[in-house]
Structure formats: C-alpha cells, structure tokens
Amino acid sequence: MEKLLPENIVTQVREVFQQLKHPVQLLFFVSQEQSETCEITRQLLDEVVALSDKLSLSVHDLSAEPDLAHLYKTEGKAPALVIAARDDDRVTDYGIRYLGVPSGHEFTTLIQDLILVAGRDSGLSPQVRNYVRSLSKPLHLEVFVTPT
Amino acid sequence: MVLAEGVGAMEFQELSASYGISSVPDTVINDGAGRVVGALPEQNMLAELMRTIGKKE
C-alpha cells in the first residue's frame with residue numbers, strides 16, 4: 001500500500017520522536033459504519049508508531065469490545081484514538097482523545113500529544129493545575145477542529 | 001477526571017451541528033455549559049472554566 005507520510009515528514013517526525021521520554025500506548029477504536037475514515041487513520045497510525053519503539057498501538061472494534069469502549073468512554077465514537085501512558089504492562093489513561101482523522105494541522109497536534117504524554121507532563125501553568133486538581137466532578141472538554 | 005477530546009468537525013458532523021460549530025477551534029465545556037471560541041491563551045480557558053463550573057468546588 002502507498003505510504004501516507006512522505007519521506008521528508010518521516011525524517012522530521014523520527015527526529016522529533018527522539019524527545020519521547022516514556023512509553024505511550026495508543027488505543028484505537030474503529031467501527032464498521034466509519035470503516036473508510038477508520039482505515040485511513042489506522043494506516044496513518046501504523047506509519048507513525050513504526051517511527052519510535054516508545055509507541056505501541058492496539059486496535060479495537062467498538063461493537064466487538066463494548067466493555068473496553070465503555071471503560072475509555074469511546075462508545076459510539078469512531079475513529080477514536082486514546083493516547084495513554086504505558087509503564088511496563090500498566091496503562092494510565094489521562095483522558096486524552098482524538099476523534100477523527102488526525103491529518104493536516106491535526107497531524108501536528110497528534111505528534112505534540114504524543115510528546116506530552118510521553119513526558120508525563122501537561123505543560124499547564126501551576127494556576128490551571130491547581131484549579132483542575134480542585135474539581136470534584138468530571139470535566140468534559142471537546143475541542144472542535146478541522147485539518148485546514 | 002478530565003476527558004479532553006480533540007474532535008474532527010468534518011468526521012463528527014452531527015455532533016458539530018448539535019453545538020452549532022461554525023469556526024474552529026471551538027471548545028465546548030461540559031456538553032455545552034461553557035464555550036471558548038478561537039485559539040485563546042490558557043488564562044482565557046481558565047476564566048471560562050471558572051465561569052462555567054465555579055471557582056472552587
């Protein structure tokens with residue numbers, strides 16, 4: 001199959017991935033209904049994960065693994081990517097998701113997310129950290145984006 | 001816990017339409033309780049979070 005990532009991007013990403021500090025687990029949720037966008041995203045993720053031994057990818061069908069989808073709050077959402085930390089066999093979910101095809105501008109966002117999770121540091125200001133820590137109820141943020 | 005989703009508006013058109021998304025980035029807080037339109041600094045996001053869910057809980 002023809003590669004999605006051109007050679008110059010592969011070189012750049014490989015270099016940026018030198019910064020990846022700790023392992024990252026990508027859990028990718030797909031569905032039959034969204035097979036076309038899931039297939040493209042799957043290929044893109046395969047190519048990205050191949051660029052660093054710190055990255056692992058697992059693929060899950062929403063209807064075949066409803067319990068896992070429930071656990072990761074991806075029910076009814078595909079393509080959905082969970083960007084989690086992995087330490088040995090332990091996966092830690094930071095609640096970070098990308099829903100859709102991470103192409104164009106959003107490819108950069110994906111790479112940045114991988115670096116953040118690998119560093120185990122949000123990069124947020126102390127003020128925001130303290131505020132979020134003080135919350136007693138779940139907080140749901142949906143950031144709508146387009147590739148252009 | 002914080003659930004932070006980047007959502008491709010093209011792929012999730014129904015969801016986008018339900019919030020009336022017309023430009024991006026557009027951040028929806030707690031299913032529509034709050035909203036930050038545009039790429040604003042962290043402090044603006046914090047201010048909107050405080051306005052939406054309170055200063056301290």
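Please read these numbers as outputs of a predicted model, since none were measured by experiment. Below, all heavy atoms of this structure are taken into account, side chains as well, without hydrogens, waters or symmetry copies. Within every chain, numbering begins at 1; the chains are lettered A, B, ... in the order of the sequence lines, protein sequences first and strands thereafter.
For the pair B:Glu5 and A:Lys73, the minimum side-chain heavy-atom distance is 4.5 Å or more. Using a 4.5 Å cut-off on side-chain heavy atoms (C-beta onward), A:Val145 and B:Val7 make no contact. At least one side-chain heavy atom of B:Met1 sits less than 4.5 Å from a side-chain heavy atom of A:Asp93. The shortest distance between side-chain heavy atoms of A:Val132 and B:Val2 falls below 4.5 Å. At a threshold of 4.5 Å between non-hydrogen side-chain atoms, the residues A:Glu142 and B:Thr27 do not count as touching. Residues A:Leu141 and B:Val28 have side chains not in contact (no heavy-atom distance under 4.5 Å, counting atoms from C-beta outward).
Contact annotation for A:Leu124: both backbone and side-chain heavy atoms come within less than 4.5 Å of a heavy atom of chain B. Interface remark: A:Ala78 contributes backbone atoms only to the contact with chain B (heavy atom separation under 4.5 Å). Heavy atoms closer than 4.5 Å to chain A are found in both the backbone and the side chain of B:Ile29. A:Thr146 touches chain B through backbone and side chain together, each having a heavy atom under 4.5 Å away.
When atom types are taken as modelled, the side chain of B:Asp26 and the backbone of A:Phe144 share no donor-acceptor pair closer than 3.5 angstrom.
Among all heavy-atom pairs drawn from A:Tyr131 and B:Leu49, the shortest one is OH-O, 3.3 Å.
Other residues, nucleotides and ligands contribute more than 12 heavy atoms inside 6.0 Å of the CZ atom of A:Arg86.
There is no side-chain donor-acceptor pair under 3.5 Å between A:Gln34 and B:Glu11.
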